[in-house]
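To keep things clear, I will list the structure first and then write my remarks on it.
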Number of protein chains: 2
Amino acid sequence: MAEEKEAKNPVQSAERIFQVMEMLAENGEMGLMEISAALGLHKSTVHRLLMSLIYMGYAKQDEGSQKYMLTCKVVSMSGKILERMDILQIARPYLERLSDLSGETVHLVQREGNNILYVYKIEAKVGTIRMVSHVGMVHPMYCSGVGKAIMATLPEREVRAIWDGSEIERHTDKTIVDYDRLQRELSEVRRDGYALDDEENEKGVRCIAACLYGYKKEVTHAFSISGPTSRMTRERVRELAVDVKKVQEELSREIGYYK
Amino acid sequence: MAEEKEAKNPVQSAERIFQVMEMLAENGEMGLMEISAALGLHKSTVHRLLMSLIYMGYAKQDEGSQKYMLTCKVVSMSGKILERMDILQIARPYLERLSDLSGETVHLVQREGNNILYVYKIEAKVGTIRMVSHVGMVHPMYCSGVGKAIMATLPEREVRAIWDGSEIERHTDKTIVDYDRLQRELSEVRRDGYALDDEENEKGVRCIAACLYGYKKEVTHAFSISGPTSRMTRERVRELAVDVKKVQEELSREIGYYK
DNA sequence: GCATACCGTTCCATATTATGAAACTTTTTG
DNA sequence: CAAAAAGTTTCATAATATGGAACGGTATGC
């Protein structure tokens, strides 16, 4: 009988308060009973937690519907976190250069376990098609150019762990759904120095990505240029690859990576 | 002896947890004792709160320095909040149109008491000068074009209240620092239908702004085009005013405002 | 190189705080 | 208009957070 001393949150009410917040962030406006039922907490408890959130300015109650929702106070906190993020501040001008010369959407992402988190986005300067991505969005690694760019720097067993830890979902008919193909593609990424996402994630969207070396021992960040297949022809991607690799090199060097 | 039954937070530890988070968001990496001293809480208490934040994924501890900092988990929460914000989703294409035709920085802001909060920003498509603004940033109303656009819709006593509730700070030699001038400018805004910020907030930056009608009874949102004085000449501003007012009208109508 | 001071961490008895049942009020629904 | 559901308030009780104290590690100063 293995005595598992499982780690537990030392502050119960903190845990519950964030459960409520996450619930509201996920579902938008909710009623008290709805939250109570979803979390399995007594309505009296939920009410108290909500009053606390309102008191602190993180939530509010709609006067008409009486439903609860989050305010923008965490948006403000989020902004401060991003402004303090040194890698973002350093990368920004480089990414803007990529945006200027391609006119396409540019992203900077950060690894979070088996997923990547979008921390910066520059909207396309041409065309009217908008990508669904947005700052704060979390996405699986295995089906994104940036994710593959990061995975390509990891030893096989870690790649395997990410694969096993991800829920493999087919988004388009080109989505990678078997591990062998992922491995083959990662070798190509290592060979070429950049990663491609050829409509694997979103129909009609092609993307070229590269990672950033030198921030931590393990690679944690990557960036990409994405656009509609109409403009992002295979040929154009090959052209952009030159710029992407150049930015990768310069930026990695500025961050502190040599060779 | 007026028995003031001041409202208090019904969940003490929630209050403290957010005090810790806000502290870290404001100051970045901090040591345990530093937080403890700043908040006047016992180090043991702060430690427990931090362990809770780490457990939930909102904070982490640097292995080297042992200092604590926030992770990007609230960035993710923030992203979800913004994606649910209907007015932002509706306004986005209109603001992009303004961005396309001007090439300058475009903002959408939301009133938060005496301040405005930036909820959306489109970077300038021309030039290399970057504005310091960012999504999540909070700014006083009295010294911004968007702020004046909103204030111009309020009755005098509310304007007065905002003025009194703001810390008047001179940012440039053109910053409004007396109430009479603010009032005069607000009359102009009412007359013209748009607000100007002529280097009042940031040296070398001119901005034209208008509010959005129809979302709530009170006006809560405004948008703007900003750029360096070199490109944003008085004449160009007059030209852009036409587009700004057009977007104001169309957008207000789409939101649900008639006449 | 040793002593001291400082920081971070852990433990624990105690007092405070959060809890949830129940009662009450308001709103919605049939 | 009645009944049900949602939201709010109260309160005794149980559980939780609290902070003093002590421990261990690391940096600082002599």
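Since this is a predicted model, take the numbers as computed values, not measurements. Every chain is numbered from 1 and lettered A, B, ... according to where its sequence line falls, protein lines coming before strand lines.
- Protein atom CG of B:Leu50 is 11 Å distant from nucleotide atom C1' of C:dG8, rounded to whole Å.
- Proximity of B:Arg48 to the phosphate of D:dT18: a side-chain N or O atom is located under 4.0 Å from OP1 or OP2.
- A side-chain contact (heavy atoms from CB on, under 4.5 Å) with A:His139 is found for exactly one of A:Ile116, A:Leu117, A:Val109, namely A:Ile116.
- Nearest-nucleotide assignment on DNA chain D puts the 5′-proximal partner with A:Ser44, out of A:Pro10 and A:Ser44.
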Extract from the structure each pairing of a protein N or O with an N or O of nucleotides 2-6 of chain D at less than 3.5 Å, listing the distance.
none

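- The structure places CG of B:Leu108 at 9.5 Å from CD1 of B:Ile122, a figure rounded to the nearest 0.5 Å.
- Atom CD1 of B:Ile35 and atom C1' of C:dT9 are 14 Å apart (whole Å).
- Listed in residue order, the members of residues 12-29 of chain B having a heavy atom less than 4.0 Å from DNA chain D are B:Gln12, B:Arg16.
- Rounded to whole Å, atom P of C:dG8 lies 18 Å from atom NZ of B:Lys60.
- Taking the side-chain hydrogen bond (donor to acceptor under 3.5 Å, both in side chains) definition, one finds that B:Glu169 meets it with nothing, sequence neighbours left out.
- Contact annotation: B:Tyr68 side-chain N/O to C:dC7 OP1/OP2 distance is not under 4.0 Å.
- Among the protein residues, B:Gln61 comes within range of the sugar-phosphate backbone only, with heavy atoms under 4.0 Å from sugar or phosphate atoms but none that close to a base.
- Toward the 5′ end of DNA chain C lies the nearest nucleotide of A:His42, the other residue of the pair A:His42 and A:Ser65 mapping further downstream.
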- Task: Using the salt bridge (Lys or Arg N to Asp or Glu O under 4.0 Å) rule, take A:Lys245 and A:Glu249 through it: C-alpha gap first, then chi angles, then the decisive distance, then the call.
- Result: CA-CA 6 Å; A:Lys245 289 182 75 168; A:Glu249 202 196 307; over 6 Å; no
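- The interatomic distance linking B:Met51 (CE) with D:dA17 (C1') rounds to 16 Å, in whole Å.
- Taking the six-membered ring for Trp, B:Tyr215 and B:His221 have ring centres closer than 6.0 Å.
- Here the C1' atom of nucleotide C:dT27 and the CG atom of A:Asp62 are 14 Å apart, to the nearest Å.
- A salt bridge links A:Glu96 with B:Arg130: the distance from a Lys NZ or Arg NE/NH1/NH2 to an Asp or Glu carboxylate oxygen falls below 4.0 Å.
- Per the geometry, NE2 belonging to B:His47 stands 16 Å off C1' belonging to C:dC12, to the nearest Å.
- Between B:Glu250 and B:Arg97, at least one side-chain nitrogen of the basic residue sits less than 4.0 Å from a carboxylate oxygen of the acidic one, meeting the salt-bridge criterion.
- Rounded to an integer number of Å, the gap from CG of A:Leu39 to P of C:dG20 is 12 Å.
- By the 4.0 Å N-to-carboxylate-O rule, B:Lys73 lies close enough to A:Glu22 to be salt-bridged with it.
- A donor-acceptor contact shorter than 3.5 Å is absent between the side chain of A:Lys80 and the backbone of B:Gly28.
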